[in-house]
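Before any comments, here is the structure.
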2 protein chains.
Amino acid sequence: MSKPGQHVISRLRQMILSGELESGQRLAEIPTAEQLGVSRTPVRIAFRTLEQEGLLTKLSGRGYMVRQVTQAEISGSIEVRGVLEGLAARQAAENTLSKAQTNELRELLKQGDDLFAKGSINEQDLAIYHDMNQRFHQIIIEASLNPAIAEALSRNEHLPFASVSALAFDRNNLVQEYRRFNFAHMQHHAVFDAIHNGQGSRAEAIMREHANATHGYAKIFSQMEKNGEKMHVLNNINSII
Amino acid sequence: MSKPGQHVISRLRQMILSGELESGQRLAEIPTAEQLGVSRTPVRIAFRTLEQEGLLTKLSGRGYMVRQVTQAEISGSIEVRGVLEGLAARQAAENTLSKAQTNELRELLKQGDDLFAKGSINEQDLAIYHDMNQRFHQIIIEASLNPAIAEALSRNEHLPFASVSALAFDRNNLVQEYRRFNFAHMQHHAVFDAIHNGQGSRAEAIMREHANATHGYAKIFSQMEKNGEKMHVLNNINSII
DNA sequence: TATGCATAAATTGGATCCAATATTTATATT
DNA sequence: AATATAAATATTGGATCCAATTTATGCATA
């Protein structure tokens with residue numbers, strides 16, 4: 001049996017993000033504790049932590065609920081991420097990248113070039129690009145030397161406003177996804193160039209536009225919502241990020 | 001005796017923000033529980049909550065510590081608040097203010113005009129302006145209709161990057177504070193005008209500049225730090241906000 | 001005197017019991 | 001049948017005990 005403790009939080013978080021616990025589903029301490037094979041104490045702490053992370057909503061007197069997010073909230077979150085990552089790009093440009101950061105960013109861009117050179121992508125390519133994209137953004141946030149950015153971002157990291165990056169939600173349309181991600185990749189090039197040349201304002205502007213591309217996915221969710229389809233939002237979102 | 005429960009969190013938070021618990025001070029569950037007259041359980045939950053709020057730092061195996069913030073973190077936080085409040089101003093302009101919001105903002109600006117018309121301010125004026133300023137910013141954040149902004153801001157609300165607003169830290173120099181706050185007040189006018197005229201980009205730019213004015217206070221803290229003075233940062237910051 | 005090891009102390013983590021509160025259900029009354 | 005009231009249920013909140021882990025201390029040894 002896996003170690004208990006802090007792991008209850010991770011386990012519940014993973015269950016929410018994977019969609020195993022559906023958006024809107026109610027959770028009470030006792031049944032959850034029994035299900036996980038632990039006592040109420042760690043579950044209580046986990047619920048409060050996940051509530052603060054924005055993954056659970058408290059229902060006074062009736063337990064907790066897996067948070068439901070509306071399309072408006074998704075769009076708003078995309079905007080927030082845009083300005084925060086834009087600030088990161090600006091400050092990274094002002095601070096100058098370290099040699100190691102420059103090298104790793106160049107390597108990531110190179111790998112992306114190879115990926116898109118074929119003129120088409122498959123699901124595996126998307127998975128690869130997903131990881132590369134995450135790393136790309138992470139480096140820039142680190143290079144900003146502003147821990148407050150990561151702190152502000154962490155509140156919403158499970159939400160869908162992420163930069164255009166990874167596994168397409170609608171994987172059936174790989175032609176469209178190729179265009180989408182190839183364009184995002186070109187934006188990465190532009191962001192890097194601006195940062196590398198110390199053009200803070202330019203880097204910020206491109207990064208904000210880059211983040212806005214994610215609105216396309218928000219629209220897909222919106223459409224699903226209208227069609228009455230179940231919106232495993234947190235799940236899908238997380239795949240996209 | 002006051003009701004226990006959720007109040008342990010509020011009490012500890014207030015003790016930290018007021019400076020009663022000094023920055024860097026260690027806190028353990030048992031002594032804290034005894035001091036507050038409760039059991040360990042609510043204290044445990046409170047510690048984790050306050051850690052997530054950024055008020056406590058966990059020391060593995062040695063309890064918790066009231067968070068210490070460096071001057072660099074303060075400056076970084078000011079920048080973060082700048083872009084978030086800038087976004088709020090932009091979106092408020094795009095959404096159009098409600099009649100009630102327009103009226104209240106106008107009333108606040110009018111009261112500010114009266115306050116600064118005298119050509120000087122005293123401590124009481126600063127306290128009044130503090131409340132007015134908070135309300136001014138709150139309305140704009142609400143008018144953005146973007147809850148993600150408030151959510152991202154909440155993570156840092158106890159930190160010092162706030163908009164130039166309120167009780168001067170260095171209250172002895174009231175002439176300088178008059179200039180500082182009068183200028184901030186004029187920026188409020190400009191932000192309102194831009195929002196009212198639907199000029200989103202302009203509103204955002206002014207708001208960002210407005211937030212940057214707070215850097216002046218960060219420098220004061222920096223100076224104190226160099227002089228080896230104790231930096232009750234959270235306390236002072238909170239008074240300034 | 002410095003260092004490594006063993007022991008003691010401090011501290012958090014988990015489980016369980018009891019208390020308080022809010023919600024739901026059932027019942028009686030009009 | 002609708003409503004108010006009361007009982008029952010569900011659920012969280014707090015206290016306390018025990019376990020596990022980490023840190024601090026002291027002692028022996030080189």
Side-chain angles (χ1 to χ4, degrees), chain A residues 1-17 20-68 151 154 158 234, chain B residues 1-17 20-68 151 154 158 234:
Chain A
M1 196 151 288
S2 70
K3 247 179 230 158
Q6 194 74 354
H7 290 237
V8 172
I9 298 176
S10 320
R11 285 172 69 187
L12 282 172
R13 188 189 290 118
Q14 199 272 329
M15 288 169 78
I16 295 168
L17 294 177
E20 186 176 345
L21 297 173
E22 289 188 1
S23 181
Q25 180 170 336
R26 273 187 58 194
L27 292 173
E29 287 177 8
I30 296 177
T32 305
E34 286 172 357
Q35 188 182 336
L36 297 180
V38 295
S39 81
R40 273 182 56 212
T41 309
V43 174
R44 279 171 68 180
I45 289 170
F47 278 7
R48 277 161 191 73
T49 302
L50 295 172
E51 185 194 5
Q52 284 214 320
E53 286 184 13
L55 257 44
L56 293 182
T57 304
K58 186 171 187 176
L59 309 170
S60 175
R62 290 180 302 128
Y64 288 79
M65 182 183 82
V66 179
R67 180 172 174 182
Q68 291 178 311
E151 204 163 346
S154 75
H158 305 300
L234 294 169
Chain B
M1 196 150 288
S2 71
K3 248 181 230 160
Q6 195 72 355
H7 290 238
V8 171
I9 298 176
S10 320
R11 284 171 70 187
L12 282 171
R13 188 189 290 119
Q14 199 272 328
M15 288 168 79
I16 295 168
L17 294 177
E20 184 177 344
L21 297 174
E22 289 188 2
S23 181
Q25 181 171 334
R26 273 188 56 195
L27 292 173
E29 288 178 8
I30 295 176
T32 305
E34 285 172 357
Q35 189 182 335
L36 297 181
V38 295
S39 81
R40 273 182 57 211
T41 308
V43 175
R44 281 171 66 180
I45 289 170
F47 278 8
R48 278 159 191 74
T49 302
L50 296 172
E51 184 194 6
Q52 284 217 321
E53 286 184 14
L55 257 45
L56 293 182
T57 303
K58 185 170 188 176
L59 308 172
S60 174
R62 289 181 303 129
Y64 288 78
M65 181 183 83
V66 179
R67 178 172 177 182
Q68 291 178 311
E151 204 164 344
S154 75
H158 305 300
L234 294 168

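Naming: A, B, ... by sequence-line order, numbering from 1 per chain. All values reported here derive from a predicted model rather than from experimental measurement.
Not a single donor-acceptor pair under 3.5 Å links the side chain of Arg26(B) to the backbone N or O of Gly63(B). Under the 3.5 Å distance criterion, the side-chain polar atoms of Arg44(B) are left unmatched by any main-chain donor or acceptor of Glu29(B).
Taking side-chain N and O atoms only, Arg26(A) has a distance below 4.0 Å to OP1 or OP2 of dT11(D).
For Ile45(B) and dT12(D), the CD1 to C1' distance is 10 Å, given to the nearest whole Å. Rounded to whole angstrom, the span from the CD atom of Glu29(A) across to the C1' atom of dT16(C) amounts to 14 Å. Atom NZ of Lys58(A) is separated from atom P of dT23(C) by 12 Å (rounded to the nearest Å). Distance Arg40(B) CZ to dT16(D) C1': 10 Å, rounded to the nearest Å. Put simply, CZ on Phe47(B) is 11 Å from C1' on dT12(C), counting in whole angstrom units. Arg44(B) places its CZ atom 16 Å from the C1' atom of dT12(D), with the value rounded to the nearest Å. Straight-line distance from the CG atom of Leu36(B) to the P atom of dA15(D): 11 Å, rounded to whole Å. As a whole-Å value, the separation of Met65(A) CE from dT12(D) P is 14 Å.
Atom CD1 of residue Ile16(A) and atom CZ of residue Arg67(A) lie 11.5 Å apart, to the nearest 0.5 angstrom.
Between Lys58(A) and Glu51(A) there is no salt bridge, since none of the side-chain N atoms of the basic residue sits less than 4.0 Å from a carboxylate O of the acidic one.
Comparing Arg62(A) and Pro31(B) against DNA chain C, the residue whose closest nucleotide sits nearer the 5' end is Pro31(B). Nearer to the 5' terminus of DNA chain D, by closest-nucleotide assignment, is the contact made by Tyr64(A) (compared with the other of Thr41(A) and Tyr64(A)).
Among dT11(D), dT16(C), dA15(D), the nucleotide with an atom closest to any side-chain atom of Ser39(A) is dT16(C).
Within 4.0 Å (heavy atoms only), Ile30(A) reaches at least one base atom of the nucleic acid.
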